[in-house]
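Let me begin by presenting the structure, written as structure tokens, before commenting on it.
Computation of the quantities below employed the complete heavy-atom set of this structure, encompassing side-chain atoms and omitting hydrogens, waters and symmetry-equivalent molecules. Numbers here are sequence positions counted from 1.
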Amino acid sequence: MIFLLVINPIINCGGGIIQIRVILLTIFGLILLLLGFIGIFLPVLPTTPFVLAGIGCLSGTPKLRAQVLKIRVFREYFENYKSRQGLSRKTVISSLTYLWSMLIISMFIVGKLWLVILETVIGICVTLHILAISKPKGDYKP
């Protein structure tokens, strides 16, 4: 990511100016949003950081960012973070239910003790993380 900040070349392409940095950040942002979307269904991928980083990368393309924020799932994550109100109770319950149901199914399929222990530890850590970010934070004034 540092190379994007250091290298900010502008290429003149047939009269139109294309900023490589904006293009790369947009591509990277869309990839992060895709990972965040996959993280909704895959408990091992952290959804919130991917969505927030993806939206941040799209700051160079305001129209695309506005379109992404029209998507309810992404908008909820972004607005909850921006307003520092934490996660809704519905989001917490559905996240924890999905997390533990997928982990338990995985534990039965794999059946190896060391993997069951590892998945249990991961599940506990993710649960604590979800509960920690679900709490509203104090008013933030930059």
Side-chain angles (χ1 to χ4, degrees), residues 1-13 16-142:
M1 185 92 161
I2 294 174
F3 73 94
L4 292 174
L5 299 173
V6 175
I7 301 172
N8 189 14
I10 298 175
I11 297 177
N12 191 350
C13 209
I17 296 178
I18 300 173
Q19 292 188 2
I20 291 178
R21 180 173 167 246
V22 172
I23 292 172
L24 291 176
L25 281 173
T26 301
I27 292 169
F28 190 59
L30 292 173
I31 291 169
L32 289 172
L33 286 173
L34 178 64
L35 288 173
F37 183 75
I38 292 170
I40 294 171
F41 305 103
L42 219 81
V44 293
L45 281 178
T47 304
T48 305
F50 284 130
V51 170
L52 294 177
I55 291 172
C57 287
L58 296 178
S59 61
T61 53
K63 288 182 183 180
L64 181 58
R65 182 179 175 169
Q67 289 297 319
V68 167
L69 289 176
K70 286 182 181 178
I71 301 170
R72 185 184 62 85
V73 174
F74 295 143
R75 184 179 62 242
E76 180 182 343
Y77 280 101
F78 181 71
E79 288 176 353
N80 285 343
Y81 178 78
K82 188 175 177 182
S83 65
R84 302 176 63 85
Q85 62 186 357
L87 300 175
S88 67
R89 175 170 284 205
K90 178 182 170 187
T91 302
V92 171
I93 291 171
S94 64
S95 296
L96 292 178
T97 302
Y98 188 76
L99 168 73
W100 283 102
S101 61
M102 291 298 112
L103 285 174
I104 289 170
I105 290 170
S106 175
M107 289 175 194
F108 281 117
I109 291 173
V110 173
K112 295 189 180 201
L113 180 62
W114 70 273
L115 279 175
V116 170
I117 293 170
L118 179 65
E119 289 178 331
T120 303
V121 170
I122 291 171
I124 290 170
C125 291
V126 172
T127 299
L128 292 174
H129 172 70
I130 290 172
L131 293 175
I133 66 172
S134 69
K135 297 176 183 173
K137 308 293 184 263
D139 289 336
Y140 176 72
K141 294 177 180 148

message: As an exercise, state the distance from CG of Leu33 to CG of Leu52, rounded to the nearest 0.5 Å.
response: 9.5 Å
Leu30 side, atom CG; Leu25 side, atom CG - distance, nearest 0.5 Å: 11.0 Å
query: With sequence neighbours excluded, what pairs up with Thr120 under the side chain to side chain donor-acceptor pair (under 3.5 Å) test?
result: none
- prompt: Quick one: are Cys57 and Leu32 in side-chain contact, heavy atoms under 4.5 Å?
  reply: yes
field: Leu58 side chain reached by Thr61 side chain, heavy atoms, under 4.5 Å
entry: yes
Name the atoms and distances for all side-chain donor-acceptor pairs under 3.5 Å in residues 62-69, with sequence neighbours left out.
none

All N/O donor-acceptor pairs, side-chain side in residues 101-117, below 3.5 Å, sequence neighbours left out:
residue, atom, partner, partner atom, Å
Ser101, OG, Thr97, O, 2.9
Ser101, OG, Tyr98, O, 3.0
Ser106, OG, Glu119, OE2, 2.5

query: For Leu96, which residues count as a side-chain contact (heavy atoms from CB on, under 4.5 Å) partner, sequence neighbours excluded?
result: Val92, Leu99, Thr127, Ile130, Leu131
message: Applying side-chain contact (heavy atoms from CB on, under 4.5 Å), can you list everything that pairs with Arg72, at least two apart in sequence or on another chain?
response: Arg75, Glu76
With Phe50 via ring pair (Phe, Tyr, Trp, His ring centres under 6.0 Å) - residues at least two apart: none
